[in-house]
6 protein chains.
Amino acid sequence: MATRTMVLLPVLLSIVLLSVSTATTALTQDFCVADLLRGGDTPAGYICRPPATVTAADFYNGGLAKPGILIEPFNTSLASAFVKQYPALNGLGISASRVDILPGGVVPLHTHPAGTELLYVLEGTMKAGFISSNSNKVYTKVLSKGDLYLFPQGLLHFQYNTGDTTAVGFAAYSSPDPGLQILDSALFGNNLPTPDVVKGTFLAEAEVRKLKARFGGSG
Amino acid sequence: MATRTMVLLPVLLSIVLLSVSTATTALTQDFCVADLLRGGDTPAGYICRPPATVTAADFYNGGLAKPGILIEPFNTSLASAFVKQYPALNGLGISASRVDILPGGVVPLHTHPAGTELLYVLEGTMKAGFISSNSNKVYTKVLSKGDLYLFPQGLLHFQYNTGDTTAVGFAAYSSPDPGLQILDSALFGNNLPTPDVVKGTFLAEAEVRKLKARFGGSG
Amino acid sequence: MATRTMVLLPVLLSIVLLSVSTATTALTQDFCVADLLRGGDTPAGYICRPPATVTAADFYNGGLAKPGILIEPFNTSLASAFVKQYPALNGLGISASRVDILPGGVVPLHTHPAGTELLYVLEGTMKAGFISSNSNKVYTKVLSKGDLYLFPQGLLHFQYNTGDTTAVGFAAYSSPDPGLQILDSALFGNNLPTPDVVKGTFLAEAEVRKLKARFGGSG
Amino acid sequence: MATRTMVLLPVLLSIVLLSVSTATTALTQDFCVADLLRGGDTPAGYICRPPATVTAADFYNGGLAKPGILIEPFNTSLASAFVKQYPALNGLGISASRVDILPGGVVPLHTHPAGTELLYVLEGTMKAGFISSNSNKVYTKVLSKGDLYLFPQGLLHFQYNTGDTTAVGFAAYSSPDPGLQILDSALFGNNLPTPDVVKGTFLAEAEVRKLKARFGGSG
Amino acid sequence: MATRTMVLLPVLLSIVLLSVSTATTALTQDFCVADLLRGGDTPAGYICRPPATVTAADFYNGGLAKPGILIEPFNTSLASAFVKQYPALNGLGISASRVDILPGGVVPLHTHPAGTELLYVLEGTMKAGFISSNSNKVYTKVLSKGDLYLFPQGLLHFQYNTGDTTAVGFAAYSSPDPGLQILDSALFGNNLPTPDVVKGTFLAEAEVRKLKARFGGSG
Amino acid sequence: MATRTMVLLPVLLSIVLLSVSTATTALTQDFCVADLLRGGDTPAGYICRPPATVTAADFYNGGLAKPGILIEPFNTSLASAFVKQYPALNGLGISASRVDILPGGVVPLHTHPAGTELLYVLEGTMKAGFISSNSNKVYTKVLSKGDLYLFPQGLLHFQYNTGDTTAVGFAAYSSPDPGLQILDSALFGNNLPTPDVVKGTFLAEAEVRKLKARFGGSG
């Protein structure tokens, strides 16, 4: 009888495995949910949790259902679903975030060193733009609900609200951990000495000191 | 005077280039907008359009602002922003689509052979699930507005509307061209002979013939 | 005398290393034999065993010298030499398996989510085919001893014996762990509820229940 | 009626495409069969042939069904199914070859600069080995029919027949074009001046001249 | 006689090739020298020149033998050996440049969107630093002749001369075309409207206008 | 007041992280400095040290400031800055070495199995060359101070001093761990039996024994 002697493949593969190596783990690469507690990062992502401990809940993330925490100088809320907030993304080449830009608000000039951003406008209107490195050419566009815009990897870009209501954007990235380098934070939010900032930017010293005060920098 | 003799870097680079190779093109890899008309695909994507012909409009796509064309048996509309619809995605590792699932509708079992899908629910409720290849284990979850769910690359997955209103999803993919293999179309929508389908699936012949009729297949 | 003062390079490199970091390991990337017992998988493969413990035996695998275990409903034996059975493959982008298809037997419709398959026919004759995702077009061919056939990554494919003797195939894959998702097992061999299978495939409920009984599924 | 209004997805995608870009090509990345006549190689492989011109015959290759041409000094026949002989492999990360080593014959020391080799013994017995770069350690093993052995990418390796009958091996590679640098041909089969070979190898000049005569070199 | 019937492998491979496809090109992937005149860029690099036209001169570049053209506001000369100046680098994952920083000179804050930089100091002393995106932490060091320093991909970094003589650096990059986005040029050297720069940086409008005048911007 | 309520992004991200997973590590992929003591190598590189322990000193390496240890038979000194000597290179696709070739000295024939080499001549003159695998064609050139030359990945290459003074070269590689297989060491510096070397190279047995004596081999 076929059904009595039938051996399903996954069972078979386990048997073969045990006879070869007595391995106590049976990891898979269908997915590699990051083991953030164990703390092993590698150039290709985190060490995986054992698949047997992974459930459907790991593939779910509710962090973008509402606005993130407001960031004052920018009048914008940011919520991220990168690998550290959403460990199932580990190794899978994708992540997301949500920005809620209040009227007058801005997502200031920044780069994602490790990923391209694809922006989808959920509500409101915003101006979005990036600057090419090759030619310094500027590519800007005013976007409305339902529009997509693209920011190629590593290039300076920005968005700001052009309307009277909150503008909301959903952004997907081509990496589980695209990184985020905000220009103001990098220049004015650390202890890089003011003379070094002046030297590296040609900004006036007074301007640098004023913005260091605003963004929490020292030196 | 500094400003008089200043030479900007992009200009410089062009000069150096010309003296070395008299090249008439000055391509860049900030981006590589696909030249679909020229028709040169490669394993890494399409040949790029000359950057001088690229404008901000190329980075914009409005195709997901409203539902795509309704696909009848599924009661679902699909609109895609893959590289063929959105050439600026070429080489950048990301793309998107929008599904509008009517009440009772379904996105039937399918795979994306070349990409992971990250789904963001824009409206309504839907059940989503995928099946691991390693263990045949099923990972399903009912999702509401604002929820994210993840379908790892190449695995069979589905969604269906669990509510009384249209459920809308925005999906991002980890490839500019993730592919789409719908199980019903692959089995029943082509000229694969019925005996071969029976042989390869253990479905009853009558069932195969019935579904071939429904999905436009022959043989 | 040259031979007396000669210092061989590998020794040299170790000396330099020790003076810099007092590292107690001297790993190499000539190879990275998977440490399956330690159990650290990452998105790029397993953690390596210390090279000093690796011998020629690790690069050898005898598991494909004879047929694997018979899988009843398919009348086919499968033996795999993937990374879990052959840890030296880790990180090297290749693996293999052997199928022995009895007369009347089949390798039913399945995908390898993470690898392309290159099939070499060792004995007998078989019909092989795959279905493109782009166009649903079917590519089939009857193969004899010595023939090669190709199944691109992630696409549904199958083989069945067309002769009176056992057909044997050796398959190489473009990944140390290509995965294997057998359609019947994914649809009918787990606890995915019957209504969900019906919804996702448009198969008749009775057909689903019949095959769930055959392939060990529930729900 | 569902069947009357049903629109299949591939058709749909074409419609969407045409409305966006009037593209006359509808390329796919299910596969990218190399267009060798057009002659466009890139760092990722050749330009693809238009998918509409691709048939099942492209995925088939019969070149390894019998021994290749005999190479005299080695007493070994080699037949290759690399991308130039088997254009469907383009971009898919795999290829194959067949060696028939006559009694007394050898596959002399060589490297594959761009791929790992997985060897499967089809007939006879052979000794196989490679040399690690890190430690100069030698990994050798005598193999029989059905055995697998692994040669990691870029490392010097060899095989020779240890029996009285022809030994046959099927080799798979982790690249569609792994390359082949035979040590004797590189040192003695070109116009690299004898003094340079002596300088670079510490071989005696007479030995170099003798082997240059044997392998067709000059200088 | 062995030498009379000997067939060298490269000849053999050509014969096999011709019998299979009558291809008129016999390209290789030992290297892929960019065909800049033909102008075909792809996401993985340029289309290759036919190997038969490639000579030793293509692998040579003399452009870094002396300082490049002086860039005034920075008091620094830059010479680049990227793929456009050195087509043999195409597809090979590496490139280089040379900076000669006059006393008081600077390589101002910039990023390489597509590559890591490894700097080797040839002459003089310079302060070098980069800013992490994760924590805004600053990593700076004063370097002398013979020192190496590393700037990870995509992060803002700078160098300036700390001595009384010209400081010279040789930089290698992990890409044949790492890109170069100079902060001052991106912010102040194009037609990005002043209000947008103010909005995106929180700099004072007067400061922006002053620097736009200095770096050739408008708007 | 804006400055009072301002929340900087990095702080924000940590908060979000903690509320989701109570992770005690907050790793980043700005860089992944190799944790050589912990000893976890993977196919993509070593496990990272916790970023909080990383300082500017980790990005610095002084090992190429002067010649490395003299290797007698070659009359050449070699100093390497590969990932084991310079752990910050881990995962970043680049490394370097320095060779000081005394008059009469040579860098004998060798390969880097895992990387392309870009050579920059710092002092003196040298002849450099490599051999293509595809055609056995030789590409050589005499180089002087300031010249660049390229050795594509995995191909046999060499350099020797053509002048009366020490020739110094700085080499950059397209991998943090390119490997180094010196032909003489691989053939004559280990226990590969003399008959196997003879079989695999067609060298005379006496020549093999003579060079085994010189390079420390046995068997």
Side-chain angles (χ1 to χ4, degrees), chain A residues 8-10 13 26-31 51 54-66 81 86 88-89 92-96 98 115-118 120 122 129-130 132-141 143-155 170 172-175, chain B residues 8-10 13 26-31 51-52 54-66 81 86 88-89 92-96 115-118 120 122 129-130 132-141 143-155 170 172-175:
Chain A
L8 292 180
L9 276 179
L13 290 172
L27 305 183
T28 170
Q29 279 283 14
D30 279 350
F31 44 76
V54 172
T55 68
D58 287 298
F59 298 100
Y60 165 81
N61 184 290
L64 306 193
K66 49 185 175 27
Y86 195 176
L89 299 176
L92 293 179
I94 201 158
S95 60
R98 169 184 173 155
T116 286
E117 175 178 345
L118 179 57
Y120 186 62
L122 301 179
F130 71 87
S132 100
S133 78
N134 180 266
S135 61
N136 282 324
K137 193 171 164 183
V138 179
Y139 298 86
T140 56
K141 191 144 180 41
L143 307 171
S144 302
K145 182 173 177 170
D147 288 350
L148 288 164
Y149 204 70
L150 190 68
F151 307 107
Q153 178 169 345
L155 301 183
F170 175 86
Y173 304 88
S174 66
S175 162
Chain B
L8 291 181
L9 277 179
L13 291 171
L27 304 183
T28 171
Q29 277 285 14
D30 278 348
F31 44 76
V54 172
T55 67
D58 288 296
F59 298 100
Y60 165 82
N61 184 290
L64 306 193
K66 49 185 176 23
Y86 194 177
L89 298 176
L92 293 180
I94 201 158
S95 60
T116 285
E117 174 179 344
L118 178 57
Y120 186 63
L122 301 179
F130 71 88
S132 102
S133 77
N134 179 268
S135 61
N136 282 324
K137 192 171 164 183
V138 180
Y139 298 86
T140 56
K141 190 142 182 43
L143 306 171
S144 303
K145 180 173 177 170
D147 287 350
L148 288 164
Y149 204 68
L150 189 67
F151 306 108
Q153 178 168 347
L155 300 182
F170 175 87
Y173 304 88
S174 65
S175 161

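Remember, it's a predicted structure, so these values are computed and weren't measured experimentally. Reminder, nothing fancy here: chain letters follow the sequence lines and each chain counts from 1.
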message = Any side-chain to backbone donor/acceptor pair from A:Tyr120 onto B:Ala65? Under 3.5 Å, distance only.
response =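 Checked: no pair found.
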
query = Is a donor on one side and an acceptor on the other found under 3.5 Å between the side chain of B:Asp30 and the backbone of A:Asn134?
reply =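 Yes, B:Asp30 side chain to A:Asn134 backbone: donor-acceptor pair under 3.5 Å.
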
Residue [X] versus chain B: region with a heavy atom under 4.5 Å:
X: A:Lys66; value: neither
X: A:Leu122; value: side chain
X: A:Leu155; value: side chain
X: A:Ala81; value: side chain

query = So how far is it from B:Phe59 CZ to A:Leu118 CG, rounded to the nearest 0.5 Å?
reply =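 Interatomic distance, B:Phe59 CZ to A:Leu118 CG, rounded to 0.5 Å: 12.5 Å.
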
I'd like to know which of [options] tops the heavy-atom pair count under 4.5 Å against chain B.
options: A:Asp58, A:Val54, A:Thr140; result: A:Val54
options: A:Phe130, A:Tyr149, A:Tyr173, A:Phe151; result: A:Tyr149
options: A:Lys141, A:Glu117, A:Gln153; result: A:Lys141
options: A:Leu148, A:Thr116, A:Ile94; result: A:Leu148

task = Against chain A, work out which of B:Ser175, B:Ser144, B:Ser132 has the most heavy-atom pairs shorter than 4.5 Å and name it.
result =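 If we count pairs closer than 4.5 Å to chain A, B:Ser132 comes out on top.
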
key: chain A interface, residue from B:Gly93, B:Pro152, B:Gly63 that has the most non-hydrogen pairs under 4.5 Å   =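 Of the candidates given, the most pairs with chain A belong to B:Pro152.
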
key: Contacting region of B:Thr55 [heavy-atom separation from chain A under 4.5 Å]   =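 Only the backbone of B:Thr55 comes within 4.5 Å of chain A.
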
task = Begin with the C-alpha distance, continue with both residues' side-chain angles, and end with the deciding distance and a verdict on side chain to side chain contact (heavy atoms under 4.5 Å, CB included) for B:Leu143 and A:Tyr60.
result = CA-CA 9 Å; B:Leu143 306 171; A:Tyr60 165 81; 3.9 Å; yes

